[in-house]
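First, the structure itself, so that you have it in front of you.
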Amino acid sequence: MDHRSGAVTPAAQRLSRPLDAIDVPHKKVEKICCLGAGYVGGPTCAVIAFKNPHIQVTIVDLNAARIAAWNSDVLPIYEPGLEDVVKACRGKNLFFSTDVDQGIIDADLIFVSVNTPTKTKGMGAGYAADLGYVESATRHIARVAQGDKIVVEKSTVPCRTAQSMRFILEANSRPGIRFDILSNPEFLAEGTAIADLMNPDRVLIGSLNTDAGRSAAASLADVYAGWVRREQIITMNLWSSELSKLAANAMLAQRISSINALSAICEATGADVDEVGYACGLDSRIGPKFLKASVGFGGSCFQKDILNLVYLSESLHLPEVAAYWRQVVEMNEYQKKRFLNRIISCLFNTLTGKKVAILGFAFKKDTGDTRESPAITLCKYLRAERANVAIYDPKVAESQIWLDLTEPGVTDDLADLQKQVSIAEDAYSACAGADAVVVCTEWDEFKCANLDYKRVYESMNKPAFIFDGRLILDQKQLEQIGFHVETIGRPRSNFTTPKDWE
Ligand code: UDX
Ligand code: ADP
């Protein structure tokens, strides 16, 4: 993958501890356990097993259905290339199990890859990470461990979580057991997880700057050295490593909010956001990645990590810093609302009873994950406008869509929801009879080369509108078919004013 060049800049080398910091005497890891068989733990530890046939890797989870799926032919998550990796080593040196105790007892090194959602209640609700799962996993390790362990934070956690983990471990374990805590944040992106893991930009390992800390870091570095060049394995202090993960995600999301803010100016002025992004990206100081305007960023990390950073800043009495990062999320919300307003105003200011086809429900292409997907927000807005919504996504399970669109605990809401929302088998049936088609996810199958838009057009109510929230459509080609095309970051078409009225 070209965006993972593997280059480590001189600045990175200067900032990290000297590379020989990981060449200290250390134990060889023979058995790894991963707590949490989710989007992070599953692919990461599958690749570790694949690249280290001499290491036994056991991924455990409390969720029996999830483990059963990992052991079946239909894996619980869709990720290109994952199936091949799992099939190559499952049953040999890669195991999926619900026996958390045994996994912990056997392992020399334990990855903690459990969920860290945003708190919904109590202090810091809506901002702070809910560390309940991390704490309970940590207590589990303390309770059952019978020997020394290296415990690795893989989940994204607030700065200084390692300290709390160590405190809990030491207070609850058998006497004489030693725990070394490392931070080893995961930078994989969904949809490209396997490629990112196989060829990472860098592997970051944070440890205490003590002999024991460096030795534990060296043990983990050895695992990655199974396929990653030593120069790309960066070691640093624990707190820098924890914060770097939040910082990297915040900066990536900030670029998207920046280009999305510019997309609003483009729409109002006649500039084209793709051209502006291209021109800016050619400046080597800026670079071309993460400058694609969209209906908004989604995913389990960006919003959560920025809000976490906001909370951290507030707790440290840094309100200006908190406000700065909060604006990145606010711009993302604004972008979704702006897109909805454009749909409403183009459809003659009312959506009541009109059919709107939503193409794509995942938060990005090549994943079935819908966490924080902009399509969810958009569907909720469209429902409030009394539109009838037909959703199609190539990978998202129908049950997941219903779950995302239903408020938790309100059972009869589903029946009400289903009066207004339907899920289609393919793009053509979603679009049939629609007044508007809205592209929410950039799946390749929605591109003009892959979908018969003439057929789509012929099946729609006229005038037929198409809203491109991902800048993947060929506007000219669609206009020739007869569509009114509205694209994020491009000016509105002046289709409602007849020529002789101008
Ligand atoms: C992100 C980080 O990239 C990854 O390093 C980290 O480990 C987890 O969080 P992920 O959320 O899986 O990964 O996907 P990413 O490719 O970063 O996309 C996030 C969102 O931003 C998606 O909704 C995507 O569509 C959107 N996006 C991305 C844009 O709108 N424009 C862009 O230019 C890039
Ligand atoms: P991520 O995207 O961070 O991987 P997921 O929600 O996909 O998050 O996965 C986290 C997994 O961790 C879930 O499958 C959940 O059941 C599991 N989990 C949570 N707490 C524990 C625990 N104490 N022990 C083992 N697994 C756990």
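Read the numbers this way: they start at 1 and go in the same order the structure lists the ligands and their atoms. What you see is a predicted model; the values in this text were computed from it and never measured. Heavy atoms only: backbone and side chains are in, while hydrogens, waters and symmetry mates are out.
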Is there a nitrogen or oxygen of Ala37 sitting under 3.5 Å from a nitrogen or oxygen of ligand 2? no
If we only count N/O pairs under 3.5 Å, is Ser300 in contact with ligand 2? no
Lys292-ligand 1 polar pair, N/O distance under 3.5 Å: yes
Could you work out, for atom 26 (N) of ligand 2, the closest of Leu62, Val100, Thr98 by heavy-atom distance? Leu62
What I'd like to find out is whether the side chain of Phe467 reaches to under 4.5 Å of the side chain of Cys346, using heavy atoms alone. yes
At under 4.0 Å between heavy atoms, what of Leu188 touches ligand 1? The answer is backbone
Check whether any side-chain heavy atom of Arg66 lies under 4.5 Å from a side-chain heavy atom of Phe96, and answer yes or no. no
Which residue and atom name correspond to the protein heavy atom nearest atom 4 (O) of ligand 2, and how close is it? Val40 N, 2.9 Å
The answer for which part of Arg470 has a heavy atom under 4.0 Å from ligand 1 is side chain
Just wondering, are more than 12 heavy atoms of other shown residues or ligands nearer than 6.0 Å to CD in Glu30? no
With a 4.0 Å heavy-atom cut-off (strictly under), which part of Glu186 contacts ligand 1: side chain, backbone, both or neither? backbone
Are any of the N or O atoms of Gly296 closer than 3.5 Å to those of ligand 1? no
In the structure I gave you, are the side-chain heavy atoms of Tyr39 and Asp369 within less than 4.5 Å of one another anywhere? yes
Closest to atom 17 (C) of ligand 2 (judged by heavy-atom distance), picking from Val114, Thr44, Val134, Asp61: Asp61
Below 3.5 angstrom, do we get any N/O pair linking Ala293 and ligand 1? no
Just heavy atoms, cut-off under 4.0 Å: does Lys304 contact ligand 2 by side chain, backbone, both, or neither? neither
Counting non-hydrogen protein atoms only, what is the nearest one to atom 19 (C) of ligand 2? Give residue, atom name and distance. Asn115 OD1, 3.3 Å
Is it the side chain, the backbone, both or neither of Ile259 that has a heavy atom closer than 4.0 Å to ligand 1? neither
Residue portion contacting ligand 2 (non-hydrogen atoms closer than 4.0 Å) for Arg66: side chain
Honestly, for Ser113 the part within reach of ligand 2 (heavy atoms, under 4.0 Å) is backbone
Is any N or O atom of Ala189, backbone or side chain, closer than 3.5 Å to an N or O atom of ligand 1? no
